[in-house]
A.B. asks: 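Take this structure, written in structure tokens, and hold onto it; I'll ask about it next.
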Amino acid sequence: MDCKQPRIISLPKIYDPRGNLTFVQDNDQIPFNIARVYWTYDVPAGETRGAHSHYKSEELIVATGGSFNVNLFDGESWETYTLNRPFEGLYVPPGYWRTLDNFSSGSVCLVMTSTPYSEDDYERDYEKFKRLATKRHE
């Protein structure tokens, strides 16, 4: 499997009658070293998050609570992933336009990234992204 393709990654799940535990450590479960972690929550009904692409950063997106959709576009086609299990994450390599929507009440979106925040790593202009993606696919 090409490690630079989006895919669901199963994370360790330790079963315990008092509550389960899932973890990520030392680059054992995901294909990059974690440089930054952030999360979004309290997303109002009907709102969309994301709407950008990254030039360098890789991400693992996890629904630690509730559910939401991650819509990915590579310049040719869209694919939608529904995240609703805290022991699974969506690996997103650079070069994919992403939007997140359909957030359930109380959902929490946790994102681990391979790079620290840098505005220079973001492409927020959808039309420019499509032009760049078309060149990559030629």
Side-chain angles (χ1 to χ4, degrees):
M1 175 187 293
D2 181 353
C3 71
K4 296 301 180 184
Q5 294 296 314
R7 66 185 183 280
I8 297 293
I9 294 177
S10 293
L11 302 171
K13 181 178 180 182
I14 299 174
Y15 295 93
D16 188 304
R18 300 167 299 160
N20 299 323
L21 182 139
T22 292
F23 62 90
V24 175
Q25 69 180 17
D26 298 331
N27 197 29
D28 290 341
Q29 293 79 29
I30 60 177
F32 59 85
N33 292 317
I34 299 168
R36 181 170 70 118
V37 177
Y38 66 91
W39 50 97
T40 59
Y41 52 94
D42 294 340
V43 178
E47 284 296 324
T48 298
R49 298 286 311 203
H52 64 266
S53 176
H54 289 285
Y55 290 106
K56 295 180 183 175
S57 189
E58 299 171 80
E59 295 181 334
L60 186 74
I61 303 173
V62 180
T64 58
S67 66
F68 51 87
N69 290 340
V70 180
N71 311 292
L72 298 179
F73 182 59
D74 65 0
E76 293 185 334
S77 62
W78 285 92
E79 186 155 1
T80 298
Y81 298 84
T82 299
L83 299 182
N84 58 11
R85 295 180 173 141
F87 54 89
E88 291 182 343
L90 175 62
Y91 170 70
V92 182
Y96 283 80
W97 187 267
R98 84 278 325 274
T99 61
L100 289 78
D101 60 18
N102 199 27
F103 288 87
S104 68
S105 178
S107 61
V108 178
C109 173
L110 176 77
V111 182
M112 295 167 250
T113 71
S114 64
T115 60
Y117 175 80
S118 171
E119 186 59 33
D120 292 340
D121 187 45
Y122 284 75
E123 181 53 64
R124 299 181 190 276
D125 181 325
Y126 182 63
E127 294 305 317
K128 182 176 178 185
F129 169 81
K130 289 194 303 185
R131 288 192 302 275
L132 293 171
T134 298
K135 288 180 183 177
R136 275 197 313 270
H137 291 291
E138 290 178 345

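All of these numbers come straight from a predicted model, not from anything done at the bench.
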A.B. asks: For F68 and R49: C-alpha separation, side-chain torsions, deciding distance, then whether side chain to side chain contact (heavy atoms under 4.5 Å, CB included) applies.
C.D. replies: CA-CA 10 Å; F68 51 87; R49 298 286 311 203; over 6 Å; no

A.B. asks: Are V108 and L11 joined in one hydrophobic group, where the rule is that I, L, V, M, F, W and Y side chains link up if heavy atoms are under 4.5 Å apart?
C.D. replies: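 Yes, V108 and L11 fall within the same hydrophobic cluster.
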
A.B. asks: Grouping I, L, V, M, F, W and Y whenever their side-chain heavy atoms are under 4.5 Å apart, do I8 and L100 come out in a common cluster?
C.D. replies: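 Linked within one cluster.
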
A.B. asks: Indicate the atoms forming the closest heavy-atom contact of G75 with A133, along with that distance.
C.D. replies: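 Scanning both residues, the minimum pair turns out to be CA-CB, 3.5 Å.
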
A.B. asks: Distance only, no hydrogens: is a donor on one side chain within 3.5 Å (strictly under) of an acceptor on the other, for T48 and D101?
C.D. replies: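 No, because no side-chain N or O of T48 sits under 3.5 Å from a partner of the opposite role on D101.
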
A.B. asks: Flag yes if M112 and L90 sit in one hydrophobic cluster, no otherwise; membership is Ile, Leu, Val, Met, Phe, Trp, Tyr, and two members link when side-chain heavy atoms are under 4.5 Å apart.
C.D. replies: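 Hydrophobic grouping puts M112 apart from L90.
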
A.B. asks: Among V37, L83, I61, which residue satisfies the side chain to side chain contact (heavy atoms under 4.5 Å, CB included) criterion with L110?
C.D. replies: V37

A.B. asks: Suppose clustering is done on Ile, Leu, Val, Met, Phe, Trp and Tyr with side-chain heavy atoms closer than 4.5 Å. Which residues sit in the same group as L21?
C.D. replies: I14, F23

A.B. asks: Looking at Y15, I'd like to know if its OH atom is crowded, meaning that more than 12 non-hydrogen atoms belonging to other residues, nucleotides or ligands lie closer than 6.0 Å.
C.D. replies: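 No, the 6.0 Å shell around OH holds no more than 12 heavy atoms from other groups.
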
A.B. asks: Do V111 and L60 belong together in a cluster built from hydrophobic side chains that touch within less than 4.5 Å?
C.D. replies: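 Each belongs to a different hydrophobic cluster.
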
A.B. asks: Go through the steps for F103 and E47 under the test side chain to side chain contact (heavy atoms under 4.5 Å, CB included), then give the verdict.
C.D. replies: CA-CA 8 Å; F103 288 87; E47 284 296 324; 5.8 Å; no

A.B. asks: Against D121, only a single residue in H54, H52, K56 fulfils side-chain hydrogen bond (donor to acceptor under 3.5 Å, both in side chains); can you say which?
C.D. replies: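 Among the candidates, only H54 passes.
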
A.B. asks: Report whether Y122 and L132 are members of the same hydrophobic cluster (ILVMFWY, side-chain heavy atoms less than 4.5 Å apart, transitive linking).
C.D. replies: no

A.B. asks: Whether E119 and R124 form a salt bridge (side-chain N of Lys/Arg under 4.0 Å from carboxylate O of Asp/Glu) is what I want to check.
C.D. replies: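 Salt bridge present between R124 and E119.
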
A.B. asks: For the residue pair K13 and T22, what are the closest heavy atoms and their distance?
C.D. replies: CA-OG1, 3.9 Å

A.B. asks: Atom OG of S53 and atom CZ of F73: how far apart are they, to the nearest 0.5 Å?
C.D. replies: 11.0 Å

A.B. asks: How close do G89 and V62 get, heavy atom to heavy atom, and via which atoms?
C.D. replies: CA-CG2, 3.8 Å

A.B. asks: Which heavy atom of P93 sits nearest a heavy atom of P6, and at what distance?
C.D. replies: CD-N, 3.8 Å

A.B. asks: Is it the case that R98 places NZ or CZ above or below the six-membered ring of Y96, under 6.0 angstrom from the centre and within 45 degrees of the axis?
C.D. replies: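 No cation-pi geometry.
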
A.B. asks: Is there a side-chain contact between S114 and I30 in this structure, where contact means two heavy atoms from C-beta onward sitting under 4.5 Å apart?
C.D. replies: no

A.B. asks: Distance check, rounded to the nearest 0.5 Å: N33 atom CG versus E58 atom CD?
C.D. replies: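 Between atom CG of N33 and atom CD of E58 there are 9.5 Å.
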
A.B. asks: Compare every heavy atom of N84 with every heavy atom of S67, then report the nearest pair and how far apart it is.
C.D. replies: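 Smallest interatomic distance, heavy atoms only, reads CB-CB, 3.5 Å.
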
